Amino acid sequence: MNQPNNRTKKTTSGFGELAKLNASVAKNKSASSKNNNPRHSAKKQQANNGSGSNTNDQEFSMSLSRQLNVKSYPVIATICLLQKREDIVSLLKQAQQNPNSLPIRLTSYLKIEGLLNNDNTLTDKAKRVCTTGKMPISERGLYHIWYSDNDPLLGTRALLIQRDNAFKEPKHNILHKGRHAAQSTFAINPPDDASKTLTVKFSGSEKDNNNRLSTKDIISISPEVICSATDNKTLNLTWDLTLDSSSITLKGPLNILSGRDLKQDSPVDFEYQQNEYLSKASTIFSSLATHLDGHWQQQVKRASVPFALTKQYQGMLSQFSLNNYPVFKMETQHGYFDHVNIHHLPVEPIQEEVSQWHLAWLERYHARSFKETEIAEAEQLSWLAQPALKQYKLVPLSGNNLIGALSKEKNPHAYWHCAAINDLTPSLSSIAALPLTLIDKEPVDIKQLIKKLSLDKPCTKFIYSDRYIRTSRQQSLLKVIAQQLSSSDITIFTELSDAEALADKCPEPWNIESFSKRADNHDRYWIFQSNDHITAWKCTVSLDFLISKDSAYYAQGYPTFTPIVIEQLPEYLQGALAHNTLEVTA
């Protein structure tokens, strides 16, 4: 069984912490179900129990809609807009190729318009004109402009602009005039107000639409006279949001002037859709969380919601996502929306109620069926490791702690399934050795850890078995652990090549035993023997699970110690214990 030390040295391999525990669960579960259903895997079991990762297959989305009031105003204004000027583009290209070919008169005109520098090279403005084919032109006249009516989201915003061919001032009551008109919310001054106009689409033929101005070409509107509104309508406003996108849609009928003298009103189907207002989304999400009696956590982009919601929407406990919530109404900073719909809202517990979420998940998980110890531990750790819970640093519950937290009357199935784990594991029921899980980044008192693992009994012999003990960190930690067992006989089992390297560095009294790689020595075993008892543990990770910092030790990951009966130990460890027992009794 044991082989002589071989003094070769090998580099170490890392450990997989929770991943290794899950792999072990999958392996054990696959083996136990081989005769029943070979296709049933631990991975499928985990998914069914809702302890998978918190990565939702579908993205969070939210849709808000309401009516938008709009009004039409006759406005005398100077409008600067982009117009197609193929003649200017042709002159600029000619100037670019041969500046001296243009007449002095045209060269002077292009300079006055800011299209040529003093050395006759193209300005940045001229380059934009060549690229777009459009040039900013100012025109003064009478316009009929549809504005949003001081909307909480859009404000007063030009939606549709139509030229009037009248030569006289309109005979309407004047709302604003002169300086008051120029400084009113109806004005658009670049660049800050560039978002106050919308790109417009119309249904039907564009044949008679030459007097409509496309607001995407509007640079500025400088009103001189603003008359009272002549018409008003309502449009449907829809605001679609995700965590990283925002889209506004406006639809509905508007009237425009038609006919030769523009005296008739003709309805057109107004439609607008544009990606904007993402900067205002966080306030909407906050209103949504408040509606759910919770709070919006902008840093993690989740809503912390009350535990009561989980009773009605049970998928929240496992997926941390709220779905199938009924359509509702909501007041926000950007107006009242009478139709709000949400899908796959990412949620997390309110801090004061996180223990209730934990206990509810445990009750539901254990109520379904009896779970093997390793499977239950792995799936609970997987649930606790989800992004929605990591900040709370919850401690896994197991053994008597778990049974004590469950209510026999409220959930008898969960209670008795957990109690059966203790009853069916002799090392748990007879000597109260319960599974122990260390918490990532939490301080660890090695002396107290050894007392816990040895059941606070004087240890006469300590056996540690690990296929890989290669790094200086592993070897150093092993010595620190052995310091707490200085009066014990210490035996180390490890792989053949690592045994010799360790023998050169360990204290003289240590007994270093080696083995070749086999299926039964893959796991890590800690065995404590006293005068009247032997306690054996299987650990999920190797000796890398503690980190030394400032004379203290901290856990890395979630190393778990599971008690096992002597009969479950590999034969080479049972043999070592039997040999030692003979020596003691002799």
Side-chain angles (χ1 to χ4, degrees), residues 68-83 85 109 111-115 123-125 128-129 134-200 211-235 237 248 250 254-257 262-263 265 270 272 274 276-277 279-280 333-335:
L68 171 70
N69 294 323
V70 295
K71 292 182 178 181
S72 177
Y73 297 87
V75 179
I76 297 176
T78 298
I79 295 182
C80 182
L81 68 157
L82 295 174
Q83 292 185 348
R85 291 297 301 268
Y109 168 74
K111 289 181 178 180
I112 292 173
E113 293 294 335
L115 299 173
T123 63
D124 291 340
K125 177 181 176 180
R128 287 193 296 271
V129 172
K134 296 181 178 181
M135 181 176 173
I137 302 294
S138 294
E139 62 175 46
R140 182 181 180 276
L142 173 62
Y143 304 90
H144 299 271
I145 306 177
W146 281 94
Y147 284 96
S148 55
D149 187 20
N150 195 27
D151 184 73
L153 178 62
L154 273 67
T156 301
R157 185 165 172 175
L159 306 180
L160 186 154
I161 302 176
Q162 184 180 16
R163 291 187 182 95
D164 195 322
N165 54 13
F167 294 97
K168 297 180 180 179
E169 292 189 2
K171 297 180 180 180
H172 297 284
N173 293 330
I174 296 177
L175 189 64
H176 298 291
K177 189 175 183 179
R179 180 168 58 88
H180 295 289
Q183 296 177 354
S184 70
T185 57
F186 296 88
I188 298 175
N189 300 306
D192 296 336
D193 294 341
S195 64
K196 291 181 66 175
T197 59
L198 304 175
T199 303
V200 181
N211 62 327
R212 300 182 201 164
L213 303 184
S214 174
T215 52
K216 66 182 179 181
D217 291 333
I218 300 295
I219 296 177
S220 65
I221 299 178
S222 301
E224 300 174 19
V225 177
I226 302 171
C227 299
S228 299
T230 57
D231 199 355
N232 63 84
K233 296 288 183 183
T234 57
L235 300 176
L237 183 155
I248 293 288
L250 305 177
L254 294 179
N255 291 329
I256 64 170
L257 299 177
L262 297 180
K263 298 299 183 182
D265 284 341
F270 177 82
Y272 165 75
Q274 185 65 35
E276 55 184 309
Y277 293 135
S279 62
K280 300 182 179 181
Q333 294 184 22
H334 307 297

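Everything numeric in this text was worked out from a predicted model, so none of it was measured.
- Using a 4.5 Å heavy-atom cutoff, the side chains of D149 and N232 are not in contact.
- With sequence neighbours excluded, the residues that form a side chain to side chain donor-acceptor pair (under 3.5 Å) with H334 are T283.
- The two residues H144 and S72 come nearest to each other via the heavy atoms CB-OG, 4.5 Å.
- Between the side chain of K125 and the backbone N or O of E113, at least one donor-acceptor pair lies under 3.5 Å.
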**Report entry** CA sep, side-chain torsions, deciding dist, call: L235, L254, side chain to side chain contact (heavy atoms under 4.5 Å, CB included)
**Finding:** CA-CA 9 Å; L235 300 176; L254 294 179; 4.0 Å; yes
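- Atoms CD1 and CD, from I248 and Q274 in turn, are 10.0 Å apart once rounded to the nearest 0.5 Å.
- At distances below 3.5 Å, not a single donor-acceptor pair connects side-chain atoms of T156 with backbone N or O atoms of F186.
- For D231, the side chain to side chain donor-acceptor pair (under 3.5 Å) partners at least two apart in sequence or on another chain are N255.
- In this structure the side chain of Y272 never reaches within 4.5 angstrom of the side chain of L159, judged on heavy atoms.
- Scanning both residues, P136 and L82, for their nearest heavy atoms gives N-CD2, 3.7 Å.
- The side-chain heavy atoms of W146 and K233, taken from C-beta on, include a pair separated by under 4.5 Å.
- Considering all non-hydrogen atoms of both residues, I226 and S184 come closest at CD1-OG, 3.5 Å.
- For the pair L154 and L237, the minimum side-chain heavy-atom distance is below 4.5 Å.
- Between S138 and C80, the closest heavy-atom pair is OG-CB, 3.8 Å.
- Rounding to the nearest 0.5 angstrom, the gap separating the CZ atom in R157 from the CG atom in L250 is 8.0 Å.
- Annotation: the span from S220 atom OG to I188 atom CD1 amounts to 8.0 Å, rounded to 0.5 Å.
- The shortest non-hydrogen separation linking A181 to A187 is O-CB, 4.4 Å.
- At distances below 3.5 Å, not a single donor-acceptor pair connects side-chain atoms of T78 with backbone N or O atoms of R140.
- In this structure, the separation between OG1 on T123 and CG on L115 is 5.5 Å, given to the nearest 0.5 Å.
- Scanning both residues, K177 and V225, for their nearest heavy atoms gives CG-CG2, 4.1 Å.
- Put simply, the side chain of V70 does not reach to within 4.5 Å of the side chain of L160, judged on heavy atoms.
- Contact check for N150 versus T185: no side-chain heavy atoms found under the 4.5 Å cut-off.
- With rounding to the nearest 0.5 Å, the separation of CG in L153 from OH in Y277 is 5.0 Å.
- With contacts defined as side-chain heavy-atom distances shorter than 4.5 Å, the pair Y143/R163 qualifies.
- Taking the side-chain contact (heavy atoms from CB on, under 4.5 Å) definition, one finds that A229 meets it with K71, Y73, sequence neighbours left out.
- Distance NZ/K134 to CZ/R85: 14.0 Å, rounded to 0.5 Å.
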